[in-house]
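Reading through the C-alpha coordinates given below for one structure.
Here, residue 1 is the first one in the sequence, and each next residue gets the next number.
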Amino acid sequence: QVQLVESGGGLVPAGGSLRVSCLASGRTFRSYAMGWFRQAPGKEREFVAVISWRAINTYYADSVKGRFTISRDNAKNTVYLQMNSLQPEDTAVYYCAAAIIYSRSYSVPQTYDYWGQGTQVTVSS
(Lines give C-alpha, C1' and ligand atoms only; values in the text may rest on other atoms or scores of the structure.)
Protein backbone atom coordinates (compact mmCIF):
# COMPACT_ATOMS: atom_id res chain seq x y z
CA GLN A 1 0.00 0.00 0.00
CA VAL A 2 1.22 3.48 -0.77
CA GLN A 3 -0.01 7.04 -0.41
CA LEU A 4 1.25 9.75 -2.74
CA VAL A 5 1.35 13.52 -2.21
CA GLU A 6 2.47 15.93 -4.91
CA SER A 7 3.97 19.35 -4.27
CA GLY A 8 5.93 22.08 -6.00
CA GLY A 9 3.35 23.31 -8.47
CA GLY A 10 2.85 26.98 -9.12
CA LEU A 11 2.87 29.80 -11.64
CA VAL A 12 5.83 30.11 -13.99
CA PRO A 13 6.44 32.23 -17.10
CA ALA A 14 6.84 30.62 -20.50
CA GLY A 15 10.38 29.39 -20.96
CA GLY A 16 10.84 28.95 -17.25
CA SER A 17 11.45 25.88 -15.12
CA LEU A 18 9.72 24.15 -12.27
CA ARG A 19 10.24 20.96 -10.30
CA VAL A 20 7.34 19.03 -8.89
CA SER A 21 7.78 16.34 -6.27
CA CYS A 22 5.88 13.29 -5.17
CA LEU A 23 6.36 12.07 -1.62
CA ALA A 24 5.31 8.48 -1.04
CA SER A 25 4.57 6.53 2.09
CA GLY A 26 4.43 2.78 2.14
CA ARG A 27 6.41 -0.24 3.17
CA THR A 28 7.18 -1.34 -0.40
CA PHE A 29 7.69 2.01 -2.10
CA ARG A 30 11.13 1.10 -3.49
CA SER A 31 9.65 -1.64 -5.66
CA TYR A 32 7.16 0.59 -7.50
CA ALA A 33 7.53 2.07 -10.92
CA MET A 34 6.52 5.72 -10.72
CA GLY A 35 4.81 7.79 -13.36
CA TRP A 36 3.71 11.35 -13.92
CA PHE A 37 0.49 12.25 -15.70
CA ARG A 38 -1.18 15.58 -16.32
CA GLN A 39 -4.68 16.74 -17.01
CA ALA A 40 -5.74 20.10 -18.39
CA PRO A 41 -9.30 21.42 -18.13
CA GLY A 42 -11.56 19.70 -20.62
CA LYS A 43 -8.90 17.18 -21.64
CA GLU A 44 -8.17 13.57 -20.83
CA ARG A 45 -5.42 12.54 -18.49
CA GLU A 46 -2.15 12.45 -20.41
CA PHE A 47 0.98 10.40 -19.79
CA VAL A 48 4.09 12.47 -19.15
CA ALA A 49 6.92 10.26 -17.88
CA VAL A 50 7.70 7.05 -16.02
CA ILE A 51 10.69 5.67 -14.14
CA SER A 52 11.34 2.08 -13.11
CA TRP A 53 11.90 1.21 -9.47
CA ARG A 54 15.69 1.05 -9.80
CA ALA A 55 15.71 4.07 -12.12
CA ILE A 56 17.27 2.01 -14.91
CA ASN A 57 14.52 2.84 -17.40
CA THR A 58 12.79 6.12 -18.12
CA TYR A 59 10.29 6.97 -20.83
CA TYR A 60 8.70 10.24 -21.84
CA ALA A 61 5.80 11.45 -23.87
CA ASP A 62 6.86 12.94 -27.19
CA SER A 63 5.47 16.28 -26.12
CA VAL A 64 7.96 16.61 -23.25
CA LYS A 65 11.06 14.79 -24.52
CA GLY A 66 14.15 16.90 -24.12
CA ARG A 67 12.41 19.28 -21.73
CA PHE A 68 11.30 17.18 -18.76
CA THR A 69 13.35 14.83 -16.61
CA ILE A 70 11.99 12.26 -14.18
CA SER A 71 14.11 11.04 -11.30
CA ARG A 72 13.68 9.33 -7.96
CA ASP A 73 15.36 9.14 -4.60
CA ASN A 74 14.19 5.93 -3.01
CA ALA A 75 15.92 6.73 0.28
CA LYS A 76 13.68 9.79 0.55
CA ASN A 77 10.63 8.06 -0.93
CA THR A 78 10.42 10.87 -3.45
CA VAL A 79 9.97 11.12 -7.20
CA TYR A 80 10.70 14.33 -9.08
CA LEU A 81 9.72 15.83 -12.39
CA GLN A 82 12.03 18.60 -13.52
CA MET A 83 10.27 20.70 -16.15
CA ASN A 84 12.28 23.07 -18.32
CA SER A 85 11.35 25.30 -21.25
CA LEU A 86 7.78 25.35 -20.06
CA GLN A 87 5.05 26.47 -22.42
CA PRO A 88 1.42 27.43 -21.84
CA GLU A 89 0.42 24.06 -23.29
CA ASP A 90 2.05 22.42 -20.27
CA THR A 91 -0.52 23.99 -17.96
CA ALA A 92 -2.32 21.21 -16.13
CA VAL A 93 -2.76 19.43 -12.87
CA TYR A 94 0.18 17.06 -12.53
CA TYR A 95 -0.40 13.71 -10.87
CA CYS A 96 2.05 11.11 -9.71
CA ALA A 97 1.15 7.45 -9.82
CA ALA A 98 2.64 4.18 -8.61
CA ALA A 99 2.59 0.84 -10.39
CA ILE A 100 3.23 -2.34 -8.45
CA ILE A 101 4.35 -4.13 -11.60
CA TYR A 102 6.24 -2.29 -14.30
CA SER A 103 4.56 -2.67 -17.66
CA ARG A 104 5.24 -1.69 -21.23
CA SER A 105 1.80 -0.11 -21.09
CA TYR A 106 3.28 2.62 -18.93
CA SER A 107 1.35 5.36 -20.73
CA VAL A 108 -2.01 3.83 -19.82
CA PRO A 109 -3.54 5.08 -16.56
CA GLN A 110 -4.98 1.64 -15.79
CA THR A 111 -1.43 0.35 -15.39
CA TYR A 112 -1.09 2.27 -12.14
CA ASP A 113 -2.37 1.19 -8.76
CA TYR A 114 -2.09 4.35 -6.66
CA TRP A 115 -2.54 8.04 -7.42
CA GLY A 116 -1.86 11.32 -5.73
CA GLN A 117 -4.25 14.26 -5.60
CA GLY A 118 -2.28 16.39 -8.02
CA THR A 119 -0.50 19.74 -8.03
CA GLN A 120 -1.39 22.65 -10.30
CA VAL A 121 1.20 23.92 -12.76
CA THR A 122 0.31 27.09 -14.63
CA VAL A 123 2.51 28.51 -17.38
CA SER A 124 1.83 32.08 -18.42
CA SER A 125 2.59 33.43 -21.87
Side-chain angles (χ1 to χ4, degrees):
Q1 302 293 316
V2 62
Q3 287 71 234
L4 307 174
V5 180
E6 302 94 337
S7 63
L11 178 64
V12 62
S17 298
L18 196 67
R19 187 182 73 170
V20 291
S21 302
C22 176
L23 178 64
S25 61
R27 292 176 293 180
T28 60
F29 172 73
R30 73 180 189 279
S31 66
Y32 291 89
M34 299 295 298
W36 284 97
F37 287 73
R38 65 187 183 185
Q39 188 166 21
K43 295 186 177 181
E44 296 181 346
R45 191 163 298 189
E46 175 190 20
F47 168 75
V48 176
V50 65
I51 186 168
S52 61
W53 72 276
R54 291 195 294 178
I56 296 174
N57 302 110
T58 58
Y59 299 95
Y60 298 89
D62 289 341
S63 59
V64 305
K65 285 182 180 177
R67 299 190 298 123
F68 291 11
T69 302
I70 188 171
S71 61
R72 69 190 299 166
D73 186 339
N74 289 342
K76 296 181 178 180
N77 291 334
T78 303
V79 178
Y80 305 96
L81 184 68
Q82 177 67 46
M83 301 179 287
N84 298 327
S85 301
L86 283 163
Q87 300 298 314
E89 294 75 34
D90 297 313
T91 295
V93 176
Y94 283 71
Y95 299 90
C96 65
I100 298 173
I101 301 175
Y102 185 72
S103 172
R104 291 188 176 184
S105 300
Y106 51 78
S107 64
V108 180
Q110 290 87 337
T111 297
Y112 298 84
D113 302 283
Y114 304 100
W115 293 83
Q117 292 299 113
T119 185
Q120 177 71 47
V121 173
T122 302
V123 184
S124 61
S125 60

Whether Gln39 side chain and Ala92 backbone form a donor-acceptor pair below 3.5 Å: no
Side chains of residues 9-23: which donor-acceptor pairs under 3.5 Å do they make with residues two or more places apart or in other chains?
unit_1, atom_1, unit_2, atom_2, d
Ser17, OG, Asn84, OD1, 2.8

**Note, Cys96 side chain near Leu4 side chain (heavy atom, < 4.5 Å)** = yes
Atom CD1 of Ile56 with >12 non-hydrogen neighbours under 6.0 angstrom:
yes
Item to complete: Look only at the side chain of Asn74 and the backbone of Arg54, and say whether a donor-acceptor pair between them is shorter than 3.5 Å.
Response: no
Closest heavy-atom pair, Val2 versus Ala98, reported as atoms and distance to 0.1 Å, is CG1-CB, 4.1 Å
When you measure from the side chain of Tyr80 to the backbone of Thr69, do you find a donor-acceptor pair of N or O atoms at a distance under 3.5 Å?
no
Taking the six-membered ring for Trp, are Tyr60 and Phe68 ring centroids under 6.0 Å apart?
no
All heavy atoms of Arg72 vs all of Trp53, minimum pair found to be NH1-CA, 3.0 Å
Tell me, do Arg45 and Trp115 make a side-chain contact under 4.5 Å, heavy atoms counted? yes
task = Carefully, step by step, assess Met83 and Val123 under the rule side-chain contact (heavy atoms from CB on, under 4.5 Å).
result = CA-CA 11 Å; Met83 301 179 287; Val123 184; over 6 Å; no
So, Ser52 side chain and Asn57 main chain: donor-acceptor pair closer than 3.5 Å or not? yes
